[in-house]
Amino acid sequence: MVAVWIVGFSFLAVGLLFCVPRYIKFIRCKGRTKGIMTQIQRGIGTGNQPTRASYTYVVDGIRYAKSTGWTGNGIFRLGKECDVRYNISKPSQSYLERTGQIINCVIGTIFALAGLGVLGCGLLLMQIL
């Protein structure tokens, strides 16, 4: 029975740690603007390596420079325009659209729901046994 609780809480914790920061970013970053890719870093190794991009964007005449996290989901092209979402009250907080943010939230949510399901089964088993 202890294994059920460990698995349930582990899945729940991993899911929440993975998706909650991204949901917060989605909620806070309502502003939209265009940016420019200024640098692209590719991971070292063979095969399909993750990539990280640096980009700049302008909000109210102020230029901001940010970087994405390492992702295998983004398609970055140096010097090309990109869609930036930013926090209207703190324009320095931003992220790029179409870099896998949504799929990461979905995966994290699935893990959290699986953890809740296992915990629910554990509670049900406790009532039966």
Side-chain angles (χ1 to χ4, degrees):
M1 193 62 172
V2 172
V4 171
W5 300 116
I6 291 171
V7 169
F9 280 117
S10 296
F11 269 73
L12 181 62
V14 167
L16 292 176
L17 287 172
F18 202 69
C19 70
V20 168
R22 287 168 177 85
Y23 281 126
I24 291 171
K25 195 180 283 189
F26 287 151
I27 292 167
R28 289 184 178 164
C29 295
K30 297 292 185 189
R32 291 178 184 229
T33 190
K34 296 289 184 180
I36 299 290
M37 296 285 175
T38 57
Q39 182 182 13
I40 298 170
Q41 295 176 296
R42 298 204 185 335
I44 298 172
T46 59
N48 190 10
Q49 297 298 318
T51 305
R52 179 171 60 186
S54 297
Y55 59 97
T56 61
Y57 60 100
V58 177
V59 176
D60 295 330
I62 300 172
R63 180 177 300 277
Y64 297 94
K66 298 290 286 184
S67 293
T68 66
W70 291 99
T71 181
N73 299 322
I75 299 173
F76 306 123
R77 293 188 185 105
L78 190 61
K80 295 293 181 179
E81 196 173 73
C82 55
D83 295 318
V84 179
R85 299 289 302 255
Y86 67 92
N87 184 337
I88 294 170
S89 61
K90 293 183 184 176
S92 62
Q93 296 176 350
S94 68
Y95 70 91
L96 291 181
E97 291 183 351
R98 292 181 241 138
T99 56
Q101 296 288 328
I102 293 173
I103 192 69
N104 289 337
C105 285
V106 169
I107 291 170
T109 301
I110 290 170
F111 266 76
L113 291 174
L116 287 174
V118 169
L119 292 173
C121 289
L123 289 173
L124 183 64
L125 285 173
M126 282 180 51
Q127 297 299 321
I128 294 172
L129 301 176

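Atom set for the values below is all heavy atoms of this structure, side chains included, hydrogens, waters and symmetry mates excluded.
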Is any side-chain heavy atom of [X] closer than 4.5 Å to a side-chain heavy atom of [Y]?
X: R32; Y: E97; result: yes
X: R22; Y: Y95; result: no
X: L96; Y: D83; result: no

Exercise for the section: Please say whether more than 12 non-hydrogen atoms of neighbouring residues, nucleotides or ligands are located less than 6.0 Å from OH in Y86. Expected result: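 Yes.
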
Using the rule that two of Ile, Leu, Val, Met, Phe, Trp, Tyr join whenever any of their side-chain heavy atoms come within less than 4.5 Å, decide whether [X] and [Y] are in one cluster.
X: L116; Y: M126; answer: yes
X: Y55; Y: I62; answer: yes
X: I6; Y: L124; answer: no
X: L113; Y: L119; answer: yes
X: L125; Y: L123; answer: yes

At what distance, to the nearest 0.5 angstrom, does [atom1] of [X] lie from [atom2] of [Y]?
X: I110; Y: C105; atom1: CD1; atom2: SG; result: 11.5 Å
X: I40; Y: T68; atom1: CD1; atom2: OG1; result: 9.5 Å
X: K30; Y: I88; atom1: NZ; atom2: CD1; result: 9.0 Å
X: R52; Y: Q39; atom1: CZ; atom2: CD; result: 8.0 Å
X: W5; Y: S10; atom1: CH2; atom2: OG; result: 13.0 Å
X: R42; Y: F76; atom1: CZ; atom2: CZ; result: 9.5 Å

Exercise for the section: Identify the two heavy atoms, one from T56 and one from A65, that lie closest to each other, and give their separation to 0.1 Å. Expected result: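 Residues T56 and A65, closest heavy atoms: CG2-CB, 4.0 Å.
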
Problem - Least distance between heavy atoms, I36 atom then E81 atom - result: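 Closest pair (atom of I36, atom of E81, distance): CD1-CA, 4.1 Å.
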
Practice task
For the residue pair Y64 and S94, confirm or rule out a side-chain donor-acceptor distance under 3.5 Å.
Solution key: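 No.
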
Problem - Side-chain donor or acceptor of Y57 paired with backbone N/O of K66 under 3.5 Å - result: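 No, Y57 side chain to K66 backbone: no donor-acceptor pair under 3.5 Å.
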
Problem - S54 side chain vs T38 backbone, donor-acceptor pair below 3.5 Å - result: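 No, because the side chain of S54 does not come within donor-acceptor range (under 3.5 Å) of the backbone of T38.
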
